Amino acid sequence: MNLFSSFAQNRIELILNDCSQENGFTMFPLVIANPNVLTEHKTKYTGKYFDNSKMIILNYSDTLRIEYRNIYGQIIDTTFTNAKVLRIVKLCVNKFIDYEKKSLINESIQKNKVWTLNTIWGDYIFESDKLVLKPKNGFLKFEYYKNGKRINRGKIKITKYIIDKIALFERKLYLMQNADKGCTFGISYKLNNGIDEINFQDNSCYGFNNEQLLIELKILN
């Protein structure tokens, strides 16, 4: 007799989800997350869901615990309670696990140094854009350049929210150095806080960029 047959079955679909998108749509294949169901289950089917992969499982537990990777290569272990009512589970592949890391923006503000981020396409060949933040009198004066031409300037009041957003972007940059696999034509970043300069090579091919940061700082609409 099959051990699972004595338990109630619950059919659940596992697909990936880009939590930064309003409709939650993502093109990331399931293999990116490499989900591992840790609670009692039986894998029924792994196949295509539009252009994305999906996994269908039969769950035999009141909870559903899944270990998976986000697009930054970090392991996430998530437990879903009341699993009997679940029909579909969307794994947030762009969910970021925060951790302690030295922040160059904090150091720049403390020492009144200019913080500069250069975005370069393809092995440090073509500079796509540049963001310059200069701390002064409680504000970050900014200049933003696109393809060598300044397209925006102004100032941002220094708040905990603003500093946290920039510091989080910095921590994500560190993870890009250790991204699995890679593209032959990736994006590079050069970050300088007036004291230290660090180069980051994004070979992840997952679409990581600084656009979200620029929107949150209201430098881009």
Side-chain angles (χ1 to χ4, degrees), residues 17-28 70-72 92-177 179 183 185-221:
N17 185 39
D18 185 348
C19 300
S20 67
Q21 301 296 320
E22 185 175 348
N23 61 4
F25 184 72
T26 176
M27 294 297 292
F28 299 127
N70 60 15
I71 61 174
Y72 308 111
C92 293
V93 292
N94 64 318
K95 181 180 179 181
F96 181 77
I97 300 177
D98 204 358
Y99 66 100
E100 292 298 324
K101 193 72 177 180
K102 177 184 177 182
S103 174
L104 296 187
I105 185 62
N106 278 320
E107 190 173 3
S108 295
I109 293 173
Q110 293 169 5
K111 298 183 179 180
N112 290 315
K113 299 291 184 178
V114 176
W115 184 96
T116 305
L117 176 69
N118 297 80
T119 306
I120 305 167
W121 287 89
D123 298 326
Y124 299 96
I125 295 176
F126 173 72
E127 182 179 283
S128 173
D129 65 5
K130 179 171 69 173
L131 173 62
V132 180
L133 300 175
K134 183 179 181 180
K136 188 175 183 180
N137 299 327
F139 289 87
L140 290 173
K141 291 188 174 182
F142 72 84
E143 293 183 352
Y144 178 63
Y145 297 81
K146 191 73 173 177
N147 300 327
K149 181 180 179 180
R150 189 177 68 190
I151 64 172
N152 199 0
R153 65 183 299 185
K155 62 180 181 180
I156 306 166
K157 184 176 178 58
I158 297 176
T159 62
K160 184 179 184 302
Y161 172 84
I162 293 297
I163 299 308
D164 286 348
K165 289 297 181 182
I166 300 175
L168 177 59
F169 175 81
E170 291 178 351
R171 292 194 287 275
K172 290 181 179 180
L173 277 178
Y174 280 95
L175 291 176
M176 290 297 96
Q177 296 187 115
C183 287
F185 191 80
I187 300 176
S188 303
Y189 295 93
K190 181 169 66 175
L191 180 59
N192 191 316
N193 68 335
I195 303 169
D196 301 317
E197 180 176 302
I198 305 176
N199 294 317
F200 303 92
Q201 177 69 48
D202 176 17
N203 291 321
S204 63
C205 306
Y206 300 149
F208 178 85
N209 59 59
N210 62 349
E211 183 175 328
Q212 185 63 34
L213 173 66
L214 295 171
I215 292 174
E216 290 173 342
L217 298 183
K218 301 188 184 305
I219 294 173
L220 291 181
N221 295 324

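All figures in this text were calculated on a predicted structure; none of them were measured in a lab.
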Problem set entry | Which atom of K95 lies closest to which atom of N70, heavy atoms considered | O-ND2, 2.7 Å
Seminar exercise, completed: Between N210 and Y189 the two heavy atoms that sit nearest each other are N-OH, 3.7 Å
Please tabulate, for side-chain N and O atoms in residues 212-221, each donor-acceptor pair with protein atoms closer than 3.5 Å (sequence neighbours left out).
unit_1	atom_1	unit_2	atom_2	d
Q212	NE2	E216	OE2	3.4

Exercise. Which residues satisfy the side chain to side chain donor-acceptor pair (under 3.5 Å) test with S128, sequence neighbours excluded?
Worked result: W121
Seminar exercise, completed: Sorted by chain and residue number, the side chain to side chain donor-acceptor pair (under 3.5 Å) partners of N152 (sequence neighbours excluded) come out as none
Seminar exercise, completed: Across all chains, not counting sequence neighbours, the ring pair (Phe, Tyr, Trp, His ring centres under 6.0 Å) partners of F139 are none
Exercise. Does R150 have any salt bridge (Lys or Arg N to Asp or Glu O under 4.0 Å) partners at least two apart in sequence or in another chain, and if so, which?
Worked result: E143
For this session: Side-chain contact test, heavy atoms from C-beta onward, threshold under 4.5 Å: evaluate it for I198 versus L173 and give yes or no.
Result: no
For this session: Would you please name every residue forming a salt bridge (Lys or Arg N to Asp or Glu O under 4.0 Å) with K102, sequence neighbours left out?
Result: E107, D196
Show me the donor-acceptor pairs, under 3.5 Å and distance only, between side chains in residues 154-169 and residues at least two apart or in other chains.
unit_1	atom_1	unit_2	atom_2	d
T159	OG1	I162	N	3.2
K160	NZ	D164	OD2	2.7

For this session: Apply side-chain contact (heavy atoms from CB on, under 4.5 Å) to E197 and list each qualifying residue two or more places apart in sequence or on a separate chain.
Result: K190, N192, N199
Exercise. Less than 4.5 Å apart, any side-chain heavy atom of W115 and any of L131?
Worked result: yes
